[in-house]
Every structure is written in C-alpha cells, then in structure tokens.
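Written below as structure tokens is the structure these notes are about.
Chain letters run A, B, ... following the sequence lines, proteins first and then strands; every chain starts at 1. All values below were derived from every heavy atom in this structure, side-chain atoms included, with hydrogens, water molecules and symmetry-related copies excluded.
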Number of protein chains: 2
Amino acid sequence: MKENLSTIASRTGVSITTVSRVLSGNASKYRISNATAERIKAEAARCNYAPSIVAQNLRKRKTRTIGLLTPSLSNPYFAEMASSIISEVHRRGYTTIVIDTMEDEGNFNEGLTQLVARQVDGIIAVPCGQDHTLVDGINNDFVPVMLVDRYYEDYALPYVTTNNYKGGFDATSLLIDAGHKSIACIQGVRTSAPNNERVRGYRDAMEEAKLSAFEFVAGNEFSIQNGYLETKLLLSRHQRPTAIFALSNNISLGVLKALREARLRIPDDLSLVSFDNYAYMDYMEPPLTRVSQPVEDMAILAAKILFDRIDGLTPGASQLRLSPTIIQGESVGRL
Amino acid sequence: MKENLSTIASRTGVSITTVSRVLSGNASKYRISNATAERIKAEAARCNYAPSIVAQNLRKRKTRTIGLLTPSLSNPYFAEMASSIISEVHRRGYTTIVIDTMEDEGNFNEGLTQLVARQVDGIIAVPCGQDHTLVDGINNDFVPVMLVDRYYEDYALPYVTTNNYKGGFDATSLLIDAGHKSIACIQGVRTSAPNNERVRGYRDAMEEAKLSAFEFVAGNEFSIQNGYLETKLLLSRHQRPTAIFALSNNISLGVLKALREARLRIPDDLSLVSFDNYAYMDYMEPPLTRVSQPVEDMAILAAKILFDRIDGLTPGASQLRLSPTIIQGESVGRL
DNA sequence: AAAAACCGCTCAAACGATTGTGCAATTTTA
DNA sequence: TAAAATTGCACAATCGTTTGAGCGGTTTTT
C-alpha cells in the first residue's frame, strides 16, 4: 500500500541507503553501479513510490513550505495578493500554508506560532495590530519574515508596500484639479501605517493647494460599515463636501450604499475616488476613479526577497514602496 | 535556541519520555509525580518550548493538515469559498495547504500528488478536467477527498454543490416571466457537471414555456473573454436575443464589456441574469439580477463531511446539492 | 610485490517526537 | 513477614528519511 525505502530495499536486495541515494539522484555521486540504479528505479516506478515529505522534513530540517498570513481572503485585494504569492511560491517548488487572521491580532499571533511550530522556511504576512515583539522575535531567531502591504513604521522588519503617500497625494490632487475644495477623507484603521501615509498624502495635497481649512478626515476601519456610517454622518452635516476620498475598496462600497440611500448621484451630486482596484469597479455606477496598488508586483517582490533570505543571500534594500497608478473612471465631476 | 524534549529532559534531570508525557498532558495517566510534573512544566514554560509538529507528524502518522485545491483565488467566488473552508478547518484545529490549480488539470493532479506526499489528513478539491482516476485512487487508498462545486457525474466521489439545475431553471423562468422569448445562454466549460446542469435547467425552462425554438447556447469557458466574445457574436446575429443568461460571474463581466462597447443598455436594450453572487454586483450598472450559490453553507458542509470521514464516522448522504437563491437586481426588463 | 586508488555498497546515527513494556523501590495486603 | 500491589520513572523501538564514515574486494600505480 504505502511504499517506503525499506520495502523497496528488501525487494531489490540492497540497503535502504542505496535506494535513497539512487532515488534522490545521487547514484553516481556515491558510486552506485548503473545496473543496481536501474533496478531500483524500475521497482520504484513499478510500485509508484513517492518519498514521505514528512520524514524528509524532519531529517533535512527544512519543509519547503512557507506560511502566508492574510487578514481576509474575502477581500478581493488580499485574495489577489494571496493568489499571486501562492503561485510565486509554487513556481519555486514550495507549498503554502494559508492562515486567515480575520483582522484579529490574536489570530495573527497564534498563526505565527503555529507556523513556527510547523517549521515553515519563511513567512509572508500582512500584520494585524501594532505589537511587533512576537513577529520580530520570530524573524530574528527562527525564520525570515516578510511583510506585505502593512508594516511597522520605524522598524527594521523588511516589507513591500505601495507608496501610499503618493497614492493619497495623487488622488487628492486629482480631485483638487477638478475644482473640488471640500474633500472628505474616510480612513481605515488609524494605527495602520499605510492608512496614515494615505492620510498624510491627502493632507499634504490639501495644504499645497491652500485648502487646509477644508481638511476633513473621519473613520476608523477598512470596512463597508465604516464607509457607510461615516458617509451617513458626512451627509448630515450642514456643509456637505463635494467629494469623498475613500481609503479602501470596502470603504467605498459603504460610501456607495449610503449615497444610494440618500438618492445622491455620482458624480453629479458628489465625487468619489477610491483606494484599491478591482475589475468590477469598471462596471459600477459609475465606473470608479481609483488608486490601483501594484498587487502582483508586490507579491513577486515579497517572494523574491523572502527566498533570497531563505537561500542565505543578503538582499539589498528590503523596505520597498511601489508606486500606485490612478485608474480613471467616471466618478469625479468637474466643478 | 530551538528547544526540544531532550534539552528539557537533561535540564530537569528526567528522561525524554517523562517530559513528553507531562507536556502532552498524560502525567497522571503514567503516574508521574506532581512534583516532577510541575518542575518540567515550569522549565518548558521558561524556555518557551513548543513541540516540533514535524516530528509529531512523522511519529503519529497524522499531520492535522488538510489540502485545498482551488481553481483560482482571483475569482471572488472561489476566494470566498476558500475563506470559508480555511476558517472551518481552523476551527477544528487543523491547518490548510492551499494549491491554486489555475484551472489546469496537470496542476490539479500534481497538486493532489504533492498533498498525498505531504500526508495531509484530507483533501477538499474543486476538480479540473474529467479524468478522475488519480483523485479516485487517492480517495480509496490514501486520504479522504471531498469535492466542492464541481464533481464527476455518475461517480461515487462525495461532493457538495449547488443545485445548478434549479439555478438554471429559476433564472430562465424569471426571464420568461418577464416576457422574454429569445434568451441566449452563455455557458462555461462544457465538460463541467455544474455547467451542464445549468444548461439543462435553462433548456427545461424554455421547453416548458414552449420556447424550444428559441433555445441558444454558446460559449466554452468560465472566463471574461468567453463572455465578451460570445456576446460580440450574439450581437452580430441578425436576430438579436432580448436577454442573456450568463452562467458565471466572469462570463457576465465579459457580457457587460461587450454591451458597453456596443452602447447597449441594460435592461432597456437587453436583459441579463448572471450566475454567482458578489457584493459588488449590487453597485453595478445596473445592479445585476443573479443566482447566488450558498458558498458558505457548501464550505461548512464539505468540511463537516470530510472531518466525519477523517474521524472514521461514516456519513450518510454525501452527494449533496444545496439550493441557490435568486437575488433581484435591476438587470431584467419587462417586455 | 607492496602501496595506493577505486569501486560498490552497507552501517549506524540522526532528525524530535510517541508509546508499550519493564524495573526497582516503596507501600499495602494477607 | 512474605507476597502482592502500587508508585515513579526509564529503556528502547518506532515513524521514514538522509548522510558521513567505513569496509572488503578489485584494479592501478610505483
């Protein structure tokens, strides 16, 4: 049924060692005769032998596995990221253990511990929360960790992220160029570095246009509900903004829901620019103008840097920000 | 640095066996004195010991891991399914290895083999292709396999899927009830069982309404491009249909793209019903009327049946079809 | 002809846990 | 007080590989 080296060894009349060496391609290196080698290979093929990866993992102290900690696979942004990472990892002959942290710091830390116990060779993570002691210790003492999207400011852990500042700045400038002055910004988690960079970009663009007096930042979660509630609040103010800058895809969905309830039309009644890109946004009412993050590039780069570290190479710069691009939709009106 | 049973044993002056028994909670079962047990626990806690899961896997011949073979994480339908499955698996104390087969039968089979070599305790798979000899052999000889969404017709492998026939029938009936007679159906992979059930539902609904003369089924892939090209072809016919039934979310995106290029408006110029549901569809132009598959229920049920088999329980019915629901959008016009 | 080199393979330890059995020392029972 | 039972732990095998060292026999070198 389940074959192993020893069953093959006894059937071919050689030692386990010899079988192992032949089947791992080291026959000539250890001077196994061609005749013996062929006999072993034939038997292995006949009985459909495949080595136990579990046993190899133990002996080699290497699992050819990497762990991926993602906050939410149901978010298309992270799903695409996971998809790209998994295929990059696969391309290198590794497999991926995926842990969905559901945006919870406890789950995140538990996942990290689990991955270390499973002796993954590397970890790619989108962190939750601000406490980086555990992940930092793991990166120093056990396996290389690579952060994607989110990161810890002023800290040494390597990461690949979007140039969120530029994204915030460009999106805001776009609205300003269209004549908007009163631009509200609905943000996500306030302790998230990308969020704060986006906000900083927004503020700088406003300031540069001498619109600081109109600055308005609200919100505290990257969720549909947060976008919905903050928009509800915004609309109830006596001075309604002419544009909204939503700092994530989910926030935008919430904004849209609130606007629809209020029977306000985009871009006639209000303009909207969203962070994040997704194919569906082209078919929305109207197609959204948005800041597209280079998801695939980030994934590939994160994998590359991680594997360089796994392979013992010391990568150069390992805190990288890739430029986002603006995708023009029809959700911004000229004033 | 990396602690193991032997370092703890030598520091506490007992045998490895004793340490193992204490730390795995079997102290009293093997009559280890309280004093010794406490001493060992204290030392383990002090040095932050965690057992090597790799070693446990080998010895216990169990990995507490399940493999998930998904065709494409960038498809929101499968991403949500993966998300639900991963959290169900996690809830049971297992971890998930995810393999993205990219809709390729070769990748699928390679993934299966890999998972078996890694000795996962069970496999949840959305299969690709029609040849089920490998997956079937694995299910019989190695680990339990559970199919989701797609399955092999007239074959014993257990699965959970949507009642695709009902989905096809209901969606078509809805269009018929709205007065449509000429309803085109754009299908996906023709060898896929769900696809064919949807088509069968479509045909039966047409027949029941005595509209067989208007039946029209085209297409061969669950992709945006297929939806796009088939719509282009449809529109170039001299008798244009009044409605399109698209058998997947991606196909619908392609339809929308083609209609937009032709400057045709939904539902005024053409009606559309789509298979699959996604939050974004509510914000599209117009919100789509669609057949929503019970993704989460399928995931939970698939996990339950798989774990029942892993635990040696013999589940009752294990080829299940869950009913889809229709979500009313505004993409169907009355004639 | 002795020394060196080579050939073809095996031994045994190791990776880090789990587990059935066994064995002294102590305590209880008869 | 001798036999029986209990206590508290250790020995050693096992899971399935990998790998450095070694060994007897043949061939080549000096």
Side-chain angles (χ1 to χ4, degrees), chain A residues 1-41 43-44 47-65 114 116-121 142-143, chain B residues 1-41 43-44 47-65 116-121 142:
Chain A
M1 165 111 194
K2 184 66 185 172
E3 302 289 337
N4 58 28
L5 287 186
S6 126
T7 65
I8 297 185
S10 70
R11 278 203 300 271
T12 50
V14 295
S15 74
I16 291 179
T17 303
T18 302
V19 178
S20 168
R21 289 188 163 139
V22 167
L23 297 183
S24 54
N26 293 320
S28 61
K29 181 175 163 197
Y30 287 99
R31 303 184 309 248
I32 313 295
S33 72
N34 258 322
T36 311
E38 289 310 321
R39 188 158 37 96
I40 292 171
K41 282 184 197 160
E43 172 58 18
C47 69
N48 226 289
Y49 169 79
S52 158
I53 297 188
V54 169
Q56 288 179 329
N57 287 347
L58 177 60
R59 170 63 219 221
K60 294 187 170 175
R61 331 204 62 201
K62 201 164 186 291
T63 55
R64 291 188 83 78
T65 301
Q114 168 81 206
V116 170
R118 285 194 177 256
Q119 275 154 249
V120 297
D121 298 326
F142 295 102
V143 292
Chain B
M1 165 115 192
K2 184 67 185 173
E3 303 288 339
N4 56 28
L5 287 186
S6 124
T7 64
I8 296 184
S10 70
R11 278 204 300 271
T12 50
V14 295
S15 74
I16 291 179
T17 303
T18 302
V19 178
S20 168
R21 289 185 165 144
V22 167
L23 296 183
S24 53
N26 293 320
S28 62
K29 181 176 163 195
Y30 287 99
R31 304 186 308 250
I32 313 294
S33 72
N34 259 321
T36 310
E38 289 311 320
R39 189 156 39 96
I40 292 171
K41 282 183 195 161
E43 173 59 18
C47 69
N48 226 287
Y49 169 78
S52 158
I53 297 188
V54 169
Q56 287 180 328
N57 288 347
L58 178 59
R59 170 64 220 225
K60 295 188 171 175
R61 332 205 63 205
K62 200 164 187 290
T63 54
R64 291 189 83 78
T65 301
V116 171
R118 286 193 177 258
Q119 276 153 248
V120 296
D121 298 325
F142 295 103

Legend entry - Polar side-chain contact B:Ser20-C:dT19 base: donor and acceptor under 3.5 Å: no

Legend entry - 5′-ward residue of the pair B:Thr18/A:Ser15 relative to DNA chain C: A:Ser15

Inset, instruction - Could you tell me the separation between the CZ atom of B:Arg64 and the P atom of C:dT18, rounded to a whole number of Å? - result: 13 Å

Legend entry - Any N/O donor-acceptor pair, B:Thr17 side-chain to D:dC11 base, under 3.5 Å: yes

Legend entry - Listed nucleotide nearest any side-chain atom of A:Arg59, set C:dG20, C:dC15, C:dC9: C:dC15

Legend entry - Nucleotide nearest B:Leu5 when distance is taken to its side chain, options D:dT18, D:dA21, C:dT18: C:dT18

Inset, instruction - Quick one: label B:Ile53 by what it contacts on the DNA or RNA (base, sugar-phosphate, nothing), any heavy atom closer than 4.0 Å. - result: nothing

Legend entry - Rounded interatomic separation in angstrom, taking CZ from B:Arg31 and P from D:dA10: 13 Å

Legend entry - Listed nucleotide nearest any side-chain atom of A:Arg21, set D:dT19, D:dT18, C:dT19: D:dT19

Legend entry - Sugar-phosphate, base or nothing in reach of B:Thr36, heavy atoms under 4.0 Å: sugar-phosphate

Inset, instruction - Using a heavy-atom cut-off of under 4.0 Å over every strand shown, decide if B:Val54 touches base, sugar-phosphate, or nothing. - result: nothing

Legend entry - Nearest-nucleotide pick for A:Ala55, side chain only, options being D:dT17, C:dC9, C:dG16: D:dT17

